Amino acid sequence: MDNALRLQYLEAMGIDVWLSRASMPNGQPPEFEAAIDDIEPETITSATDNWDDLQAEVANCTKCALCTTRSQTVFGSGNKQADWMLVGEAPGQHEDEQGLPFVGNAGLLLTEMLRAIGLTREEVFITNVIKCSPPNNRDPHVNEIESCSSYLYRQQQLVKPKIIVALGRVAAQTLLKTNEPLAELRGKVHNFNNTPVVVVYHPAYLLRFLPEKRKAWLDLTHAIQTFKNNEG
Ligand code: URA
């Protein structure tokens, strides 16, 4: 990304202001409370599961009707042994074309959000709840999420991240098996298969509602703090 565009995104996020204020926050923002949800997801992976099998299964998947409209599946990208795993909702049109997650405008913002907390896309593992793009960028249907859910669980068990960041409502509700609204889920530490989960605004939402950028920064500092608390 050229520097001017990068600065535009940083400005949109308010990151220029944030970074000049201090380096990393030590404590959680006051309005953030810690809470542990005792939700245990189903365990699907076998001890012999591996990336090649999983990738091939996803690439050839016909479990739901999205296989008839996709150009290709979008498995995920980044470091397969990452400490940080980021989970979005569904690939969009650009992702469908390129076979990579978060390559559109939301992806550019996600890259900048990561940069703001000292991470690169190559260091983290990025994937989505569903691996095929729904036509016309519509929300994923429940049956599509259910069909795809075992792939996400298996990815988590192969990556073994130290923290999962759920990007937006659909990712959060799917991972945590809840219908609670995003506002209730942000600012807490949840649990997915013994891995801490924090819930943040989806970058596409932030692009539409820039006034939420301060809350987005709170989400990110909460994620860093959670990661530090669980490191080691
Ligand atoms: N939005 C998502 O949730 N995932 C992508 O890969 C792109 C946009």
Side-chain angles (χ1 to χ4, degrees), residues 1 5 9 12-13 54-55 58-59 61 64 66-67 69-80 82 84-116 119-149 151-156 159 161 163-176 178 181-182 185-186 190 192 197-210 212-213 215-216 219-220 223:
M1 192 192 314
L5 186 58
Y9 275 100
M13 286 284 296
L54 181 54
Q55 243 164 299
V58 170
C61 182
C64 80
L66 291 182
C67 68
T69 50
R70 73 181 180 222
S71 308
Q72 58 191 314
T73 55
V74 180
F75 182 77
S77 69
N79 180 355
K80 288 177 174 161
W84 291 67
M85 179 165 163
L86 279 69
V87 181
E89 178 178 324
Q93 189 196 330
H94 297 295
E95 290 77 20
D96 177 68
E97 283 161 11
Q98 296 188 38
L100 292 169
F102 283 97
V103 290
N105 281 338
L108 293 176
L109 181 53
L110 180 62
T111 304
E112 293 311 319
M113 289 164 73
L114 286 170
R115 192 195 294 261
L119 293 168
T120 64
R121 285 179 72 115
E122 293 69 36
E123 284 174 285
V124 304
F125 188 76
I126 305 176
T127 190
N128 284 299
V129 164
I130 66 169
K131 313 303 186 207
C132 297
S133 173
N136 306 315
N137 270 337
R138 68 157 167 76
D139 287 348
H141 293 160
V142 172
N143 74 301
E144 294 159 357
I145 292 175
E146 281 171 1
S147 302
C148 238
S149 64
Y151 298 139
L152 182 61
Y153 297 137
R154 289 168 64 186
Q155 286 178 314
Q156 185 268 338
V159 175
I163 186 168
I164 297 173
V165 179
L167 301 164
R169 180 186 61 82
V170 171
Q173 291 182 341
T174 302
L175 283 165
L176 304 174
T178 180
L182 192 77
L185 299 172
R186 289 177 54 247
H190 306 273
F192 177 90
V197 178
V198 298
V199 176
V200 308
Y201 281 120
H202 193 288
Y205 171 84
L206 293 172
L207 286 174
R208 290 197 299 273
F209 300 101
L210 286 177
E212 300 288 23
K213 66 189 179 188
K215 289 194 198 158
D219 284 348
L220 294 180

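For clarity, every value in this text was computed on a predicted model and none was experimentally measured. Order of listing sets the numbers, starting from 1, for every ligand and every atom in it.
Looking only at protein heavy atoms, the nearest one to atom 4 (N) of ligand 1 is N128 OD1, 2.7 Å.
A parallel orientation is assigned to the rings of F192 and Y153, their planes being inclined by less than 30° (bins at 30° and 60°).
Interface of G88 with ligand 1, defined as ligand atoms under 4.0 Å from a residue heavy atom, comprises 3 (O). If you number the atoms of ligand 1 from 1 as listed, the ones under 4.0 Å from a heavy atom of P101 come out as 6 (O). Remark: ligand 1 atoms within the under-4.0 Å shell around heavy atoms of H202 are 1 (N), 2 (C), 3 (O).
At a threshold of 4.0 Å, the pair R186-D219 counts as salt-bridged, since one of the basic side-chain nitrogens sits closer than that to a carboxylate oxygen.
Within the 3.5 Å criterion, the main-chain N or O of G92 finds a donor-acceptor partner in the side chain of E95.
Rounding to the nearest 0.5 Å places CE of M113 at 12.5 Å from CG of L108.
Closest heavy-atom contact between N79 and E123: CB-O, 3.5 Å.
With a 4.0 Å cut-off on non-hydrogen atoms, E95 touches ligand 1 through its side chain and not its backbone.
Contact annotation: A90 has at least one heavy atom less than 4.0 Å from an atom of ligand 1.
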